[in-house]
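Here the structure is a predicted model, which means the values were calculated and not measured. Scope of the values below: all heavy atoms of this structure, side chains included, with no hydrogens, waters or symmetry mates.
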Amino acid sequence: MSIDGSAERRKQPPQTQTPRTGNGNCGISSMSLANRLRLNPNKEHKPDSYDDLHQLEFSPLLFSSLERYLPPTMLNGSRDLKLQYMRDILLRYSSESERTRVQRHREYRQKIISHYQPVHKELYTMQAAQFFVPSFLKAINENTEDSFRSIMAEPAPGIYTFEMLQPYFCELLLSEVETFERWVIETNFRIMRPNTMNRYGCVLDDFGLETMLDKLMEDFIRPMSRVFFPEVGGSTLDSHHGFVVEYGTDKDAELGFHVDDSEVTLNVCLGKQFSGGELFFRGIRCDKHVNSETQSEEIFDYSHVPGHAVLHRGRHRHGARATTSGCRVNLLLWCRSSVFGELKKYQKDSSNWCGECQREKKERQRQSIAATKLELLKRDGKPTS
């Protein structure tokens with residue numbers, strides 16, 4: 001049961017490392033020990049927005065997220081000073097090949113956006129009242145665990161389902177995707193598919209929907225993830241990969257067992273008419289245990305409903321059964337935390353979220369208790385059998 005390589009792995013620049021002192025490329029003459037990045041974010045600080053800076057090498061959300069880790073002496077500085085400081089840190093830890101790849105992808109996107117003409121321009125800015133069902137909006141506006149749970153079901157540990165999208169939005173997005181795919185065929189433009197496993201579908205970020213999906217992650221998914229997935233960076237989500245996948249008898253029929261390249265995944269069915277295509281979940285795993293056996297209590301199957309969402313950890317192993325008739329289209333948002341991605345490299349134990357790490361930890365505790373009892377019995381001269 002190998003799922004290695006099933007998801008594209010990203011290379012995220014570290015955000016919690018201490019920058020070198022000295023005269024760095026950023027032009028700041030000295031970075032004293034007082035100017036080290038904070039170990040924990042300043043949750044009270046409201047970071048600046050960098051959305052208007054379109055030529056940055058990194059995502060604007062990445063800068064907003066990293067700003068909370070700046071030393072206290074810099075928090076009230078000008079945006080330009082903070083940007084210069086953070087950019088220098090990111091450039092120090094991001095390889096030239098990675099920056100080249102990002103730049104080429106940016107050029108690829110710009111080429112599409114400059115030629116493709118959207119048909120539903122209202123999709124490209126967040127219009128929450130038109131996109132989401134009232135119950136979902138109410139829960140987000142109240143922004144409490146109780147309000148979130150009031151609209152959710154948790155049919156299996158760590159898997160949350162809820163009604164989210166209005167039919168209007170589903171229809172508009174399906175229409176836009178179909179129009180884009182026709183344009184691709186007519187212009188003979190070669191596009192990148194969503195990931196290494198799906199041959200059908202498209203990356204929504206690539207033809208102009210990145211800003212709207214950033215808002216979706218930042219204002220709607222991150223508040224819920226902060227409550228339900230804090231141990232995997234749910235409160236520091238700062239980038240995303242947004243795409244649609246298509247299943248049917250003449251498209252991808254099913255999807256193999258895998259994990260996502262994300263900390264948190266949002267999966268929403270857009271339609272259309274279909275049968276089959278159930279999601280099957282098989283437990284949360286770290287890299288070390290990704291191919292370990294599934295326990296009976298970890299088995300859960302979910303049937304898609306148009307407009308309804310599934311929210312889960314990216315490391316929750318899952319797959320999709322065959323769509324036996326019709327066509328099923330789903331919106332996926334892989335939400336990522338560069339802070340957690342860096343911290344994870346140094347974690348020796350993932351027992352706060354990996355099911356197998358938890359079992360191993362409990363077994364070590366059981367053996368330790370048993371050994372202690374045995375030693376005590378020996379000291380008292382009592383039989384140990």
Side-chain angles (χ1 to χ4, degrees), residues 10-99 102-103 106 143 211 214-215 217-219 221-227 229-240 262-264 335-350 352-353:
R10 79 268 193 191
K11 296 180 180 178
Q12 289 286 359
Q15 294 191 4
T16 57
Q17 297 294 321
T18 303
R20 301 170 187 172
T21 58
N23 296 329
N25 296 331
C26 67
I28 299 175
S29 59
S30 64
M31 295 181 187
S32 66
L33 292 178
N35 278 349
R36 292 177 184 264
L37 290 181
R38 301 166 56 98
L39 181 61
N40 297 305
N42 183 334
K43 296 181 180 179
E44 303 300 319
H45 175 69
K46 184 177 181 180
D48 283 316
S49 172
Y50 299 86
D51 291 340
D52 59 315
L53 303 177
H54 303 296
Q55 299 304 315
L56 294 175
E57 299 95 329
F58 307 97
S59 165
L61 271 179
L62 186 56
F63 287 98
S64 294
S65 178
L66 182 56
E67 187 178 316
R68 295 179 185 272
Y69 290 84
L70 290 180
T73 55
M74 296 195 68
L75 284 180
N76 294 322
S78 68
R79 188 179 76 159
D80 288 345
L81 179 67
K82 290 183 286 189
L83 176 66
Q84 195 175 24
Y85 182 89
M86 293 186 288
R87 181 176 175 273
D88 179 63
I89 293 173
L90 295 173
L91 288 175
R92 286 175 187 270
Y93 294 100
S94 177
S95 67
E96 184 177 350
S97 61
E98 176 65 8
R99 294 199 299 274
V102 170
Q103 179 59 30
R106 183 181 290 112
N143 195 24
T211 300
D214 264 342
K215 293 292 289 181
M217 180 193 71
E218 186 175 5
D219 295 345
I221 305 307
R222 193 162 65 188
M224 293 189 293
S225 299
R226 183 183 294 119
V227 171
F229 308 118
E231 73 289 343
V232 294
S235 62
T236 57
L237 300 176
D238 54 25
S239 65
H240 76 267
S262 68
E263 271 64 72
V264 176
C335 303
R336 298 161 173 165
S337 166
S338 48
V339 173
F340 177 77
E342 179 61 20
L343 292 176
K344 191 169 62 172
K345 297 177 183 177
Y346 308 102
Q347 287 182 343
K348 296 181 179 180
D349 178 23
S350 300
N352 61 337
W353 57 272

* **Any Leu66 side-chain heavy atom under 4.5 Å of Leu90 side chain** =>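 They are in side-chain contact.
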When rounded to the nearest 0.5 angstrom, what distance separates [atom1] in [X] from [atom2] in [Y]?
X: Gln84; Y: Ser78; atom1: CD; atom2: OG; result: 8.5 Å
X: Leu83; Y: Asp88; atom1: CG; atom2: CG; result: 11.0 Å
X: Lys215; Y: Met217; atom1: NZ; atom2: CE; result: 10.5 Å
X: His240; Y: Glu263; atom1: NE2; atom2: CD; result: 14.5 Å
X: Lys43; Y: Ser235; atom1: NZ; atom2: OG; result: 6.0 Å
X: Leu70; Y: His45; atom1: CG; atom2: NE2; result: 7.0 Å

* If you take all heavy atoms of Ser49 and Ser64, which pair is closest and at what distance? ->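 Reported closest heavy-atom pair: CA-OG, 4.2 Å.
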* Nearest heavy atoms of Ser262 and Cys335, plus distance in Å ->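 That closest heavy-atom pairing would be CB-O, 3.6 Å.
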Could you tell me whether the side chain of [X] and the main chain of [Y] form a donor-acceptor pair under 3.5 Å?
X: Ser225; Y: Leu237; value: no
X: Ser337; Y: Phe340; value: yes
X: Arg226; Y: Gly233; value: no
X: Asp238; Y: Ser338; value: yes

* To do: Output all residues satisfying side chain to side chain contact (heavy atoms under 4.5 Å, CB included) with Glu218, sequence neighbours left out; order by chain, then residue number.
  =>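 If we apply the side chain to side chain contact (heavy atoms under 4.5 Å, CB included) test to Glu218, skipping adjacent residues, the hits are Leu61, Arg222.
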* Carefully, step by step, assess Tyr69 and Asn42 under the rule side chain to side chain contact (heavy atoms under 4.5 Å, CB included). => CA-CA 6 Å; Tyr69 290 84; Asn42 183 334; over 6 Å; no
* **Derivation and outcome, salt bridge (charged side-chain N to carboxylate O under 4.0 Å, His left out), residues Asp52 and Arg79** => CA-CA 12 Å; Asp52 59 315; Arg79 188 179 76 159; 2.9 Å; yes
* To do: Go through the steps for Lys82 and Glu67 under the test salt bridge (charged side-chain N to carboxylate O under 4.0 Å, His left out), then give the verdict.
  => CA-CA 7 Å; Lys82 290 183 286 189; Glu67 187 178 316; 3.0 Å; yes
* **Tyr85 and Ile89: CA distance, side-chain angles, deciding distance, side chain to side chain contact (heavy atoms under 4.5 Å, CB included) verdict** => CA-CA 7 Å; Tyr85 182 89; Ile89 293 173; 3.4 Å; yes
* Residues Asp51, Thr211; criterion side chain to side chain contact (heavy atoms under 4.5 Å, CB included); working and verdict -> CA-CA 9 Å; Asp51 291 340; Thr211 300; over 6 Å; no
* Asked: Can you say whether the rings of Phe63 and Tyr50 are parallel (under 30°), tilted (30 to 60°) or perpendicular (over 60°)?
  ->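 If you compare the ring of Phe63 with that of Tyr50, the planes turn out tilted.
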* **Contacts of type ring-ring contact (aromatic ring centres under 6.0 Å, His included), residue Phe229, not counting sequence neighbours** =>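 Phe229: ring-ring contact (aromatic ring centres under 6.0 Å, His included) contacts with Tyr160.
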